[in-house]
Amino acid sequence: MVSQKEQKTSSVQQLIANSRNHKTKKIVEKAMPTLLFSAAVLSILTTFGIVFTLIFETFEFFKRVSITDFLFGTEWLPFSGKEQLFGIWALIAGTLKVTLIATIVAVPFGIGSAIFLSEYANEKTRRIVKPVLEVLAGVPTIVYGFFALTFVTPLLQELVPSLKLFNALSPGIVVGVMILPMITSLSEDAMSSVPNSMREGALALGATKFEVAIKVVLPAALSGIISSVVLAVSRAIGETMIVSLAGGATPKFNFNVTDSIQTMTAYIVQVSSGDAGYGTTIYYSIYSVGFTLFIFTLAMNLLAQYISKRFREVY
Amino acid sequence: MVVNFKEEKLANKVKQTVGQPSTEVAKNIVYDTRNLNLWYGDHHGLKDINLSVYENEVTAIIGPSGCGKSTYLKTLNRMVELVPSVRTSGEILYRERNILDKNYTVEELRTRVGMVFQKPNPFPKSIYDNIAYGPRIHGIKNKKILDEIVEKSLRGAAIWDEVKDRLNQNAYGLSGGQQQRICMARCLAIEPDVILMDEPTSALDPISTLKVEELVQELKKDYSIVIVTHNMQQAARISDRTAFFLNGEVVEYDQTDIIFQTPNDQRTEDYISGRFG
Amino acid sequence: MRYMDDAVVMKRMAKRITFNKVWKSLFFAATAFALVALAILLYRIVSQGAGYLTFDFLTNFASRFANKAGIKAALIGSLWLMAVVAPVSIILGVGTAVYLEEYAKKNKLNDFIRMNISNLAGVPSIVFGLLGLTIFVRMLGLGKSVLAAGFTMSLLILPVIIVAAQEAIRAVPNEQREASYGMGATKWQTILRVVLPAAIPGILTGSILALSRAIGETAPLVVIGIPVILQFLPNSLLSQFTALPMQIYDWAKRPQEAFQYVAAAGILVLMVVLLLMNSIAIFIRNKFQKRY
């Protein structure tokens, strides 16, 4: 009886000893980290790819167009028959107009609904509203663009008769709706992570929920909220399809929002969908515009990271 | 080597049935720790540990929290290496080979030395797959053999009757106490030589604790067991030898009766009588 | 003597409570704004597009005439695109996440990789289009093919998948890994048999959401120069193709009013595809929600 049991005891270890394939196991153990590391390195290569592509082709562009004209010019007329003009500020103005309008729409509504969800709404409301916001965030930008062109613009024309078919206002508002869920969701996360004890402390002194939200929660979550806004602004700057469909194709350096504009992204789309031959100045110009766009969004992203790291509250 | 264990175990069986546990018989040493020191970064976690673990005995390690008892247990199967910045010196001989030697394959060590953790940690898989996990990773694929191993291990952990009709259900559906016995069965499935237990009942209710304690008593017939516990009564109930750790040092190590009845060191006595800890 | 005058406090109290109520309704209105916007958007598209969404629409190729225009090439093209993007981005994304969570030591290189990934997530999609145009279309000579577009899209959604997979892997409790190591399992065995199976629901959910972003993404395709009026289906990874958002973009910018309805019908098809993908993601999330 005992001996039989002992027999079995050894049998599993015996089986293990027999079946162990040390060699393959060792090779796999050694190879996997290297293999996975090379996957991780690909993301670095992607960044290098982007940066070098933009730098090389932009360099090519500056062989044909003076860099000072590009950096300080305010007229962008690449398709002009007589003299091509590449003053980036005309495109930047278009981008800034749309971004500004979008921010004006998205910040109050985004933060307002974040406060509502985090401070006022009950669990049930939150469970319904948050997935709906996720849906809103998941709507493709081409759909928003179509919506801006066929619904928002005509609607606004009723209110503002001077509004052109292509303008900055309509895409600006719709970009605002597009980035709104991002602000709401990130700000709500920041507010929810403020510990309840802080709220209870204020409530126990007789503060109203509004006072708690504004004087306790908002300051404590401020870094998260600001970085969410900065990220959303960066998204608005890079947004392409809404402005391509509803913004127009006439870059102008002014602050008129009812007139047709062109943003940096819309210009790249216009050239790409046309037949600008490979190697022409216009072809290289999209890289110089892309590079400018990249710098803008990179700066915003780094700023957002800096804010959320530097001012992070530790509870 | 495997065959050797068998003979040694058999020899012990005979001694146990004949002998009296309180008198020192020349038992086989499983673990021989010599001048073990361990640092977490700058923190000196274990200081000059010298301690022998004997075959087919339950060795209890007691002491206040932070005394290094869990660290020592985790050094015995080198799980302590999962914490970055750990350094050791000295040696731990397991079956006469130094496991702290970098050439000692840690996977081989852990195949021979099983571990049961503080919180039941079954995998989110079926009961069957939980038990078969160990044999499978070591290359046993034959379904019939696996079936046998699973049944035998579950019987060994005294939980076969409770789960035999639902082997394909997720192990998370079980109660905490059952989960812990599943974890013990999982450990038995590779039929280790030694079982390390890190406060295995600290997350369990009294009745489940009792069952696990009975199981430990049962298991020591076939296995050598090292158990870390913060519960002194538990150590007194189930162990043959007890080591008292304090601030990373072994204050006293002796047969359990002696430690609990006539301790040599004042600190041991203070701890046993509940003056601190 | 008391410093608080009850009468003053009570008078202010009424004001404060009204204030709270007014602001509560304003915050609610802000939330309602987003919901109403979504409702109008969906209503408009359904009311415009439903009439055009016929069986012929699904089986016809693109056409110069609105009433003959169909979405077949774009729908099949998008599926081809996904056939490249899904395996490439998931394998690379999960691989990177496993490396970062399980193997990467704390050093400068790995910190750089992490920072790089979060910055990559913020790069506008159109810039990825420029990368794809230069590297895949021209340098590697893949042309305006399924493969070129697929690689570009994979790189675009890679950061999203990496972050989702990292979170899923991080959510696997350490006790699980310890249990596996305690049985003598090697690191890779532990990852393959314990960590990844436990993380798979999270990884799949995140991946599907990332893929649904890729399927609706237009800008990189425009930059790469994907054609819109195609009368044939792709037959290899190197074929030319068109995709749903590309087709919709082309219709939406045509001046004829009839094409507005065609575009809306196309959007409906795209939204149904997205809805299906999201339902699968939610199903997985609910089905495999695990308890530790």
Side-chain angles (χ1 to χ4, degrees), chain A residues 25 28-29 32-33 36-37 39-40 42-44 46-47 49-50 53-54 57 108-109 112-113 115-117 120 129 132-133 135-136 138 140-143 145-147 149-151 177 180-181 208-211 231 234 238 240-241 245 265 268-269 272-273 286-287 290 293-294 297-298 301 305, chain C residues 16-17 19-20 23-24 26-28 30-31 33-35 37-38 41 44-45 92 95-96 98-100 103 112-113 116-120 122-127 130-131 134-135 155 158-159 162 186-188 212 216-219 222-223 225 245 248-249 252-253 260 263 267 270-271 274 278:
Chain A
K25 240 185 189 176
V28 171
E29 280 310 307
M32 279 333 281
L36 297 170
F37 176 70
L42 190 84
S43 67
I44 295 184
T46 308
T47 307
I50 289 173
T53 300
L54 293 176
E57 306 290 40
F109 283 105
S113 53
I115 293 177
F116 179 75
L117 288 177
Y120 288 97
V129 174
V132 175
L133 286 175
V135 173
L136 202 59
T141 55
I142 181 78
V143 178
F146 178 78
F147 183 65
L149 182 65
T150 62
F151 178 73
V177 173
L180 194 158
T208 63
K209 278 196 167 181
F210 174 71
E211 287 159 348
L231 278 181
S234 158
T240 308
M241 299 322 290
L245 274 173
T265 50
I268 298 175
V269 165
S272 307
S273 35
I286 61 174
Y287 289 93
L293 179 67
F294 178 74
T297 53
L298 182 69
N301 290 328
Q305 277 171 28
Chain C
R16 286 168 52 214
I17 289 172
F19 220 64
N20 180 38
W23 275 100
K24 182 182 178 180
L26 285 178
F27 292 142
F28 174 75
T31 312
F33 173 76
L35 306 187
L38 181 65
L41 186 142
R44 282 282 302 184
I45 285 160
L92 289 174
T96 304
V98 168
Y99 172 76
L100 289 178
Y103 286 102
F112 180 66
I113 294 179
N116 178 58
I117 288 166
S118 63
N119 277 322
L120 218 46
V123 173
S125 59
I126 195 160
V127 173
L130 291 173
L131 174 77
T134 317
I135 305 283
L155 293 183
L158 200 54
I162 293 172
T186 60
K187 186 154 199 163
W188 178 241
S212 59
E217 193 62 71
T218 324
V222 179
V223 176
I248 295 164
Y249 173 56
K253 67 179 181 177
Q260 303 290 306
I267 289 175
L270 177 62
M271 297 290 266
L274 287 178
N278 279 284

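Letters A, B, ... mirror the listed sequences (proteins, then strands); counts begin at 1.
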- Query: Do you know which of C:N20, C:L131, C:V127, C:L270 has the most heavy-atom pairs with chain A at a distance under 4.5 angstrom?
  - Reply: C:N20
- Note on the structure: Among C:V123, C:I45, C:N278, C:V98, the residue with the most heavy-atom pairs under 4.5 Å to chain A is C:V123
- Query: Who wins among A:G290, A:G112, A:S234, A:G138 for the most heavy-atom pairs under 4.5 Å with chain C?
  - Reply: A:G112
- Item | Region of A:L133 that comes under 4.5 Å of a non-hydrogen atom in chain C | side chain
- Do the side chain of A:N301 and the main chain of A:T297 share a donor and acceptor less than 3.5 angstrom apart? yes
- Would you mind checking which part of A:L136 comes under 4.5 Å of any heavy atom in chain C, side chain (CB onward), backbone (N, CA, C, O), both or neither? both
- When you look at A:Q305 and C:S118, which way does the side-chain hydrogen bond (donor to acceptor under 3.5 Å, both in side chains) test go after all the steps? CA-CA 9 Å; A:Q305 277 171 28; C:S118 63; 3.1 Å; yes
- Message: Can you tell me which of C:T218, C:L100, C:I135, C:L92 forms the most heavy-atom pairs within a distance under 4.5 Å of chain A?
- Response: C:T218
- Sort A:S43 into side chain, backbone, both or neither according to what part of it lies under 4.5 angstrom from a heavy atom of chain C. both
- Task: Answer with side chain, backbone, both or neither: which region of A:F37 has an atom nearer than 4.5 Å to a non-hydrogen atom of chain C?
- Result: both
- Sequence neighbours excluded, the answer for side chain to side chain contact (heavy atoms under 4.5 Å, CB included) partners of C:Q260 is A:F146, A:T150, C:E257
- Item | Aromatic ring proximity A:F210/C:F19, centre distance under 6.0 Å | yes
- Okay, A:V132 and chain C: the region with an atom under 4.5 Å from a heavy atom over there is both
- Given a strict heavy-atom distance threshold of 4.5 Å, which part of A:I44 is in contact with chain C: side chain, backbone, both, or neither? both
- Task: With a 4.5 angstrom heavy-atom cut-off, could you sort out which part of A:V143 is near chain C: side chain, backbone, both or neither?
- Result: both
- Item | Contacts of type ring pair (Phe, Tyr, Trp, His ring centres under 6.0 Å), residue C:F33, not counting sequence neighbours | A:F109
